[in-house]
Amino acid sequence: MSLVRLAAATALAVAIASPALAADPVEGLWLVQAGTAKVKVAPCASDKSKMCGQVAWLKTPGAKDANNPDASLRSRPIMGLLMIRDFKPAGAGKWTSGKIYDPNSGKTYGSKMSANPDGTLKVEGCISVVCQAQTWKRAR
C-alpha cells in the first residue's frame, strides 16, 4: 500500500471512530413564551463561534415588522427574520453579549441566554443591568 493510501485510510478510520461534536444545549427549535413564534437557534452563518436565531414559524404567518423604527423595514415579513444574533459562548449552555430584536416593540436589546436543567431556554433582554427573562420551550 502506498504511503498516500495508508495516510488516507488512517484519516478515514480516525474520522469514523471519532465522536461527532455535540450540539450546544441552546441549539434547536424553541417556542417563545407567548406561544406566537418558534425560533431556530444555531451557530451564526457569518461566524460559527457565535449563536443566532431565526423565526421559523409564526402563529400569524403573514405578520410584518410593522413596529420597526426604520420605516423602510415595516413591510418586511417577520417569518425568517434574524431575531437573536451574535451571542458569544460563556460556558456550556450559556451565551452572552448577544442582541435580541422584539418585533412587538421594534426595539433591539442586549441579551443573554442559557439552557435550564429542565430542558427549557432562559432568554433575557437587558437595558443596562436590568434584564427581563422569558422561558422558551423546546418545539418540534
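Bear in mind that the values here come from a model prediction, so they are computed numbers and not experimental data.
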Heavy-atom closest pair, residues [X] and [Y]:
X	Y	result
P69	G106	CD-O, 3.0 Å
K122	A133	CE-CB, 4.0 Å
S114	K94	CB-CG, 4.0 Å
G93	P25	CA-CG, 3.8 Å
G35	K59	O-CD, 4.2 Å
L29	R140	CD2-O, 3.4 Å

Side-chain donor/acceptor of [X] to backbone N/O of [Y], under 3.5 Å:
X	Y	value
D118	T120	yes
W95	G91	no
S111	E124	yes
S105	K107	yes
Q33	T135	yes
N67	N104	yes

How long is the straight-line distance from [atom2] of [Y] back to [atom1] of [X], given to the nearest 0.5 Å?
X	Y	atom1	atom2	answer
C52	K40	SG	NZ	12.5 Å
D102	Q134	CG	CD	8.0 Å
C44	R85	SG	CZ	9.5 Å
W57	T36	CH2	OG1	7.5 Å
R76	L73	CZ	CG	4.5 Å

For this session: Mind running side chain to side chain contact (heavy atoms under 4.5 Å, CB included) on L81 and Q54 for me, showing each step along the way?
Result: CA-CA 5 Å; L81 186 70; Q54 188 171 19; over 6 Å; no
Would you call [X] and [Y] a side-chain contact if the rule is heavy atoms closer than 4.5 Å?
X	Y	result
T96	F87	no
V41	M113	yes
M51	P43	yes

I'd like to know if [Y] and [X] are part of one continuous hydrophobic network [Ile/Leu/Val/Met/Phe/Trp/Tyr, side-chain heavy atoms within less than 4.5 Å].
X	Y	answer
L82	L31	no
L58	V39	yes
I127	M83	yes

Is it true that atom NZ of K64 has more than 12 heavy atoms of other residues, nucleotides or ligands lying nearer than 6.0 Å?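 Buried by this count: over 12 neighbours within 6.0 Å.
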*Flag yes if more than 12 heavy atoms outside K112 fall under 6.0 Å of its NZ atom; otherwise flag no.*
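Open: at most 12 neighbouring heavy atoms sit under 6.0 Å from NZ of K112.
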* To do: Mind running salt bridge (Lys or Arg N to Asp or Glu O under 4.0 Å) on R74 and D65 for me, showing each step along the way?
  => CA-CA 5 Å; R74 292 180 186 155; D65 193 12; over 6 Å; no
| query | Hey, mind stepping through T108 and I100 against side chain to side chain contact (heavy atoms under 4.5 Å, CB included) and telling me if it holds? | reply | CA-CA 6 Å; T108 300; I100 186 166; over 6 Å; no
_Any salt bridge linking K99 with D86? Criterion: basic side-chain nitrogen under 4.0 Å from a carboxylate oxygen._
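Salt bridge: no.
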| request: Give the C-alpha distance, both sets of side-chain angles, the deciding distance and a yes or no for side chain to side chain contact (heavy atoms under 4.5 Å, CB included) between R138 and W30. | output: CA-CA 5 Å; R138 195 157 299 269; W30 297 96; 3.1 Å; yes
